[in-house]
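One structure is given below, encoded as structure tokens.
All heavy atoms count here, side chains included; hydrogens, waters and symmetry mates do not. Atoms within each ligand, like the ligands themselves, are counted from 1 in listed order.
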Amino acid sequence: MKVELVPGVYWVGAIDWTLRDFHGYLTEAGSTYNAYLIVDDKIALVDTVKKGFLPEMLARIAEIVAPEKIDYIICNHVEMDHSGELTEMVHRVNPEKIFCSPRGKADLTRHFKEDWPFEEVRTGSELSLGRYHLVFLETPMLHWPDSMMTYLKEEQLLFSSDAFGAHYASGERFADQLPDCPEGYLYQLKKYYANILMPMGSLITQLFKKIEELGWTFKMIAPDHGLIYRNPEWPLSAYQKWAAGVPEAKGLVIYDTMWHSTEMLARALLEGLMDAGVETRLFHLRSTHYSDIVTEVLEAGLLLLGSPTLNNGIFPSMGQFLTYLKGLRPKNKAAMAFGSFGWSGQAVSLINKELEDMRLRVVHEGFAVKYIPDPEELARARALGTRLAQEHLRG
Ligand SMILES: Cc1cc2nc3c(=O)[nH]c(=O)nc-3n(C[C@H](O)[C@H](O)[C@H](O)COP(=O)(O)O)c2cc1C
């Protein structure tokens with residue numbers, strides 16, 4: 001089935017229905033590797049697919065033109081989910097030119113060790129295909145140094161690379177074809193943003209300014225994963241909101257436990273948050289995948305992180321979570337550590353140190369309890385949850 005975005009522009013990507021782990025990110029809905037074919041006087045392929053998906057992409061291209069007729073390959077992003085089949089593709093197609101950013105050329109060469117006919121493009125460089133003209137926009141560190149986007153001027157169509165993407169396999173190609181869009185798709189868009197783009201909030205804000213300067217408006221946004229947007233206002237405003245990082249009145253309790261004492265504290269704190277009437281969620285670190293927990297972290301204003309002390313340290317799942325969270329550089333959040341211990345009790349202070357390293361606002365010295373909390377300690381934990389919500393999630 002041919003999927004035509006605008007006259008002469010086709011989706012020719014691949015659908016990865018069974019993918020469940022994407023470099024550690026839980027992809028419960030699978031993914032797609034989107035590639036786009038522009039058929040004009042010159043025929044251009046925008047991005048390619050992950051290793052193993054070449055036959056699917058070639059078959060889709062062959063429904064439209066013989067793959068050998070492709071003149072240009074545009075490589076918006078070096079990462080292997082978009083370039084894994086580039087060597088084979090270049091071999092088959094023998095393109096006249098491969099367009100990429102200067103850093104893209106360096107990094108593609110480093111990946112594939114090939115002397116291909118690269119043509120470096122920069123922000124504002126224009127490529128005429130005939131009736132259509134492509135303009136490039138370098139977006140370094142969104143999310144790799146080489147990243148760029150490609151804009152089809154005449155149709156106000158943005159090939160946005162990984163930005164606005166989501167790991168989502170489906171028979172539909174356009175978000176508006178889903179019966180429950182945007183609500184039904186928003187979680188996957190947010191999950192992708194939280195796990196891949198959360199550290200780049202200020203760059204995304206700058207990107208919006210640059211787009212305004214360039215005078216670009218969008219009738220359609222075609223990312224490299226998931227669905228294409230024919231009415232892109234809602235993903236654009238979601239990105240603006242997440243990039244600004246303004247927290248919501250939402251508190252999360254995130255914990256692990258060996259013998260349930262830390263869990264008792266977690267539940268007491270959660271009750272306290274609920275007493276305050278704020279939105280709240282509780283996550284056990286071995287029940288919910290960390291990529292889903294950070295999705296909730298994105299909009300939360302208060303994080304309560306609990307771990308028992310194990311061998312003078314933090315429980316491993318909490319250590320892993322904090323390492324992952326630190327890399328995502330969360331912003332504008334209050335935080336507190338809690339946990340049960342037996343004798344030395346280092347977990348709370350070690351979590352505090354990580355929270356300080358992340359420059360989160362540590363709003364309490366931490367709630368530590370020896371062995372099993374008693375009713376009085378549980379009542380104090382509950383009251384503390386309420387107080388923290390009132391002080392840090394309201395006004
Ligand atoms: C293998 C093991 C190692 C432990 N190491 C420490 C430790 O180094 N320091 C400490 O204060 N407590 C230590 N404890 C005690 C626990 O922190 C304590 O039992 C606590 O109440 C467990 O909380 P939980 O019920 O949330 O798992 C250890 C417990 C276990 C099972």
Do me a favour and list the nearest non-hydrogen protein atom to [atom] with residue, atom name and distance?
| atom | value |
| --- | --- |
| atom 5 (N) of ligand 1 | Asn311 N, 2.9 Å |
| atom 6 (C) of ligand 1 | Trp343 CZ2, 3.3 Å |
| atom 21 (O) of ligand 1 | Ser340 OG, 2.6 Å |
| atom 17 (O) of ligand 1 | Thr309 O, 2.7 Å |
| atom 9 (N) of ligand 1 | Ser344 OG, 2.8 Å |
| atom 27 (O) of ligand 1 | Met258 N, 2.5 Å |

Look at [X] together with [Y] and state whether they make a salt bridge at an N to O cut-off of under 4.0 Å.
| X | Y | result |
| --- | --- | --- |
| Glu354 | Lys326 | yes |
| Lys209 | Glu213 | no |
| Glu138 | Arg122 | yes |
| Arg267 | Glu271 | no |
| Lys191 | Asp292 | yes |

Classify the angle between the aromatic ring planes of [X] and [Y] as parallel (below 30°), tilted (30 to 60°) or perpendicular (above 60°).
| X | Y | result |
| --- | --- | --- |
| Tyr185 | Tyr168 | perpendicular |
| Trp242 | Tyr239 | tilted |
| His77 | Trp144 | perpendicular |
| Tyr192 | His225 | tilted |

Would you tell me which option among [options] has the nearest heavy-atom contact to [atom]?
| atom | options | value |
| --- | --- | --- |
| atom 24 (P) of ligand 1 | Leu310, Asp256, Thr257, Asn312 | Thr257 |
| atom 12 (N) of ligand 1 | Gly313, Gly306, Gly342 | Gly342 |
| atom 23 (O) of ligand 1 | Ser307, Pro308, Ala266 | Pro308 |

Tell me if a side-chain donor or acceptor on Tyr229 pairs with a main-chain N or O of Phe164 at a distance below 3.5 Å.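 Such a contact is found between Tyr229 side chain and Phe164 backbone.
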
Should [X] be counted as touching ligand 1, given the test is an N or O pair under 3.5 Å?
| X | answer |
| --- | --- |
| Gln346 | no |
| Ser261 | yes |
| Ile372 | no |

Can you list the atoms of ligand 1 that are under 4.0 Å from a heavy atom of Thr262?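 Under 4.0 Å from Thr262, ligand 1 has these atoms: 23 (O), 24 (P), 26 (O).
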
Distance under 4.0 Å to a non-hydrogen atom of Gly345: what atoms of ligand 1 satisfy this?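 Ligand 1 atoms under the 4.0 Å threshold to Gly345: 10 (C), 11 (O).
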
Which segment of His260 sits under 4.0 Å of ligand 1 when only heavy atoms are counted: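 Contact part for His260 vs ligand 1: backbone (N, CA, C, O).
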
